[in-house]
There are 2 protein chains.
Amino acid sequence: VKERQHFLDLFFNPKSIAVVGASTNSSKMNYNLFANLVKLEFPGRIYPINPHAEEILGRKAYPDLKSIEDEVELVVSAVPARATLNVIKDCVAKRVKGIVIVTGGFSEIGEEGRKIQAEVAQLLRESGIRAVGPNALSPINTSNNLVIGFSLRERLKRGGLSLIFQSGLYEAVVNDLCLSKVIDLGNKMNINEVDVLEYFAEDPDTKVIAIHLESIAGDGRKFLQLLKETSKEKPIVVIKSGRTPAGARAASSHTGAIAKGRDVVLDVGLRQAGVIRAHSVEEFFDFAKAFDFLLPLKLDGNRVAVASFSGGEGTIVVDLCQEKGLSLAEVNPETSQKLQKVSPPWGVSANPFDLGVCMQFHPMGEVYKVFLDSMINDENVDCIAFPIGGIPMPEEILELMLMARERKKPVVLWLMEEMRLMTRVQEDGATIQRLESNHIPVYPSSERAIKALSAWHWYNLSQKVL
Amino acid sequence: VKERQHFLDLFFNPKSIAVVGASTNSSKMNYNLFANLVKLEFPGRIYPINPHAEEILGRKAYPDLKSIEDEVELVVSAVPARATLNVIKDCVAKRVKGIVIVTGGFSEIGEEGRKIQAEVAQLLRESGIRAVGPNALSPINTSNNLVIGFSLRERLKRGGLSLIFQSGLYEAVVNDLCLSKVIDLGNKMNINEVDVLEYFAEDPDTKVIAIHLESIAGDGRKFLQLLKETSKEKPIVVIKSGRTPAGARAASSHTGAIAKGRDVVLDVGLRQAGVIRAHSVEEFFDFAKAFDFLLPLKLDGNRVAVASFSGGEGTIVVDLCQEKGLSLAEVNPETSQKLQKVSPPWGVSANPFDLGVCMQFHPMGEVYKVFLDSMINDENVDCIAFPIGGIPMPEEILELMLMARERKKPVVLWLMEEMRLMTRVQEDGATIQRLESNHIPVYPSSERAIKALSAWHWYNLSQKVL
């Protein structure tokens, strides 16, 4: 038997899982906990534990852990807080290696819950069993279709992005992302972000790491040091909530997190570590997508070619680029000449380039083609940002985007919400999926596209300046 | 004949319109200029002008203006820049009162265009004819189905929001908004934002004004003064692009706008005028929607009740509220007691309130009902912000939202993009439409909902503090 490199591997690649508290009632969330393992065809052995059931979803149900004949590596515990103590004792007897405590009602609810959590922690320390949570919806591993979650899932899209969460917040967006692994740390009683970061740093499937935290474990220095080392190889985005006094109080009643230190200290530390901090959930996932999809920019490569559907949009986008540390590329004269061929009779500015006015006079496909082709071949252009609208996307245009990508000129796109809905309704989102499966990110607004590109530029620079 | 109160009324309520340059080719944008008038059943007389056509869309086509027997009040000119001079001369001969010059190719393209624009301006001054544009896609008036635009439109939703634009940028979102009137000023040769603001200030259908500008007319003092007076009655949101040097250069090649003065001067002026400035297109339309939908808050009414689908989301929302000048309501003990009835056995915090964990133990409708009912009746709560998910929305819940609204406790909602797509696919967006037709705004993320609520709070305060 191959030994595990890191104890956390057991949580992502268990040979067997028992779900304690699996429900027979398909309207209950505890039903979905087990149903996801069955329906997504997790390849390990799985056991539902429920003393009142004969079988669940065609799998024999067991009254308790000790009734299972075979070895059980991982236990998912979804019984009330107080009953968790007995589950842990059963795990010790059964020589289980890891436990995920999904249920809440521990340190986050105050004195009573803190006492139970302390007892659980003590039992774990004595036995050497490692546990994720409590109050944690974990884990997900797309490579073996392992999903512990309250919502019934289709197969998830696979990618290089791994998430560390201190909440089930990720559940709302998990279908949209191309993921490798997800862990929700919950109250971080026994396993914290330093453990997971060590594991993800070495995990070959993890290319980008996105971390949501409500508190920092210990004095945070080890975490920052580890972030700094890891971010040299793998781009990292962090969102830390509980930034304000009111937010910190809310975090405390959510995961029992105690806010320590000043938020600005974390800000400074993250910048030194070359880690990007997001300030909203939108930014967090937008940046993570850019980091996963885009190829590295050359040093100082911040000269953007911008196109838009209206002159007004172009101006707003240029303002935003400027504010976010990107600069408008001064294109060479040949580019301007090429663009005049698809311009209105009076000509237009090459950068920002007004696609809309050109499409009043020339076919859409032709306008995009000339724009992309000339910007790809212009040595004064480092990256390209523009909107898409019409569906489907002509094959030729997609090929030009891929060529830009190959030449290390990242392309970011936006598709306004109204149009986005149209592609979903008319072609089940095929245009967006086709682009994103080719690692061309599509955002719902120019603002989000430019902010993501700027974050990528910042990461690239931060790896080279010092 | 009733005399017009303001010369701009002619542009929004013309008795007759001639479209010079109307196309017979339905793939051309100039076809849509005329087709919108026909298909939306604009009630005035309409005339297509095209020397090569017998008829367009069943309407007799005329070779030129003078061939029309009846009076023509408004002319929409969509012929090339150089040909515009002859159109103006024809307008003078025909005693037309107003002209919209849709075409580009004037001052925004440089010296040659500037010369043509100067000639056009001279002709207009001599004749006393007023003109919108050039380079302007105007106007829209939903009350008489008047739409001048390059995209073929369905009937637009009517509402209290009127837009002043210096771009056709609004076209991308016009279907989503509940509008009264829209004007695109383009190069502002003859009519500028001061004229339109005067008109909208007095227009009974306009309740809220949203203004996009690339330049400020004159020294801007008159504009700021007028904004200050108008904003006392009608909330105003402004986005000014060309804020940065690169953006200002882009604006100049778009509408020929010359950036004058420092951007910070405008910032200060807008704050003194009680006008909210948006810094992205998303903010701009998000704020406009809040201003149109929400009823006034009481002075200092910044105490928010927050709910979320996960504790992590709740903490992030609270951080954002705090940063944006809103405070988390300290609910009274009865509220906490009521909420325990729909909580998990271990109880939850009342504010922010974790809907998600409660729904693991109680039916969704019940959880929402108890949350809303208790917050409405809590005198420590000024406004309410929470996510919706499941569709359709139970009638009872909608009624509670309307009750909150009546009691001057504004409600803002968010519905994540994935769910938003689902309602669009499964029920053609009926849930969102039902809420918004009842003036409950629904945003695509908690961040956008809270920012919009905060802008509304800022506007309310600014009308009372000084």
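In what follows, chains carry the letters A, B, and so on, assigned in the order in which the sequence lines appear, proteins first and then strands, with residues in each chain numbered from 1. Just so it is clear, the structure is predicted and the values come from calculations on it, not from any experiment.
- With chain A as the partner, the residue from B:Asp176, B:Asn30, B:Leu328 showing the most heavy-atom pairs under 4.5 Å is B:Asp176.
- Contact count against chain B (heavy-atom pairs under 4.5 Å) is highest for A:Ala246 among A:Ser27, A:Gly356, A:Ala246.
- For chain A, the nearby part of B:Phe150 is the side chain; its heavy atoms alone come within less than 4.5 Å.
- The minimum heavy-atom distance linking A:Met29 with B:Met359 is given by the pair CE-O, 4.2 Å.
- A distance of 6.5 Å separates CH2 in B:Trp346 from OG1 in A:Thr103, rounded to the nearest 0.5 Å.
- Between A:Lys28 and B:Gln360 the shortest side-chain heavy-atom distance does not fall below 4.5 Å.
- Around CZ of B:Arg82, the count of heavy atoms belonging to other residues, nucleotides or ligands within 6.0 Å does not exceed 12.
- Of all residues spanning residues 311-320 of chain A, those with a heavy atom less than 4.5 Å away from chain B's heavy atoms are A:Gly311, A:Gly312, A:Glu313, A:Thr315, A:Ile316, A:Val318, A:Asp319, arranged by number.
- Residues that satisfy the side-chain hydrogen bond (donor to acceptor under 3.5 Å, both in side chains) test with B:Ser445, not counting sequence neighbours, are A:Glu282.
- Your options are A:Gly104, A:Ala172, A:Pro344, and the one with the most heavy-atom pairs under 4.5 Å with chain B is A:Gly104.
- Around atom CD of A:Glu112, no more than 12 heavy atoms belonging to other residues, nucleotides or ligands sit under 6.0 Å away.
- Of the atoms belonging to B:Ile239, it is side-chain heavy atoms, and not backbone ones, that fall under 4.5 Å from chain A.
- Residues meeting the side-chain hydrogen bond (donor to acceptor under 3.5 Å, both in side chains) test with B:Asp286, sequence neighbours left out: B:Arg448.
- Contact annotation for A:Phe165: neither backbone nor side-chain heavy atoms come within less than 4.5 Å of a heavy atom of chain B.
- Only the side chain of A:Glu447 comes within less than 4.5 Å of a heavy atom in chain B; its backbone stays farther off.
- With a 4.5 angstrom heavy-atom cutoff, A:His279 does not touch chain B via any of its atoms.
- Of the inter-residue distances, the one linking B:Ser280 atom OG with A:Ile450 atom CD1 reads 12.5 Å to the nearest 0.5 angstrom.
- Side-chain contact between B:Gln322 and A:Pro245: present, with at least one pair of heavy atoms (C-beta onward) separated by less than 4.5 Å.
- Proximity to chain B (any heavy atom under 4.5 Å) is restricted, for A:Pro352, to the side chain, taken from C-beta onward.
- Of the two parts of A:Val348, neither the backbone nor the side chain holds a non-hydrogen atom closer than 4.5 Å to a non-hydrogen atom of chain B.
- Under the rule for a side-chain hydrogen bond (donor to acceptor under 3.5 Å, both in side chains), the partners of A:Asn135 that lie at least two apart in sequence or sit in another chain are A:Asn187.
- A:Glu108 contributes atom CD, which lies 11.0 Å from atom OG of B:Ser349 (distance to the nearest 0.5 angstrom).
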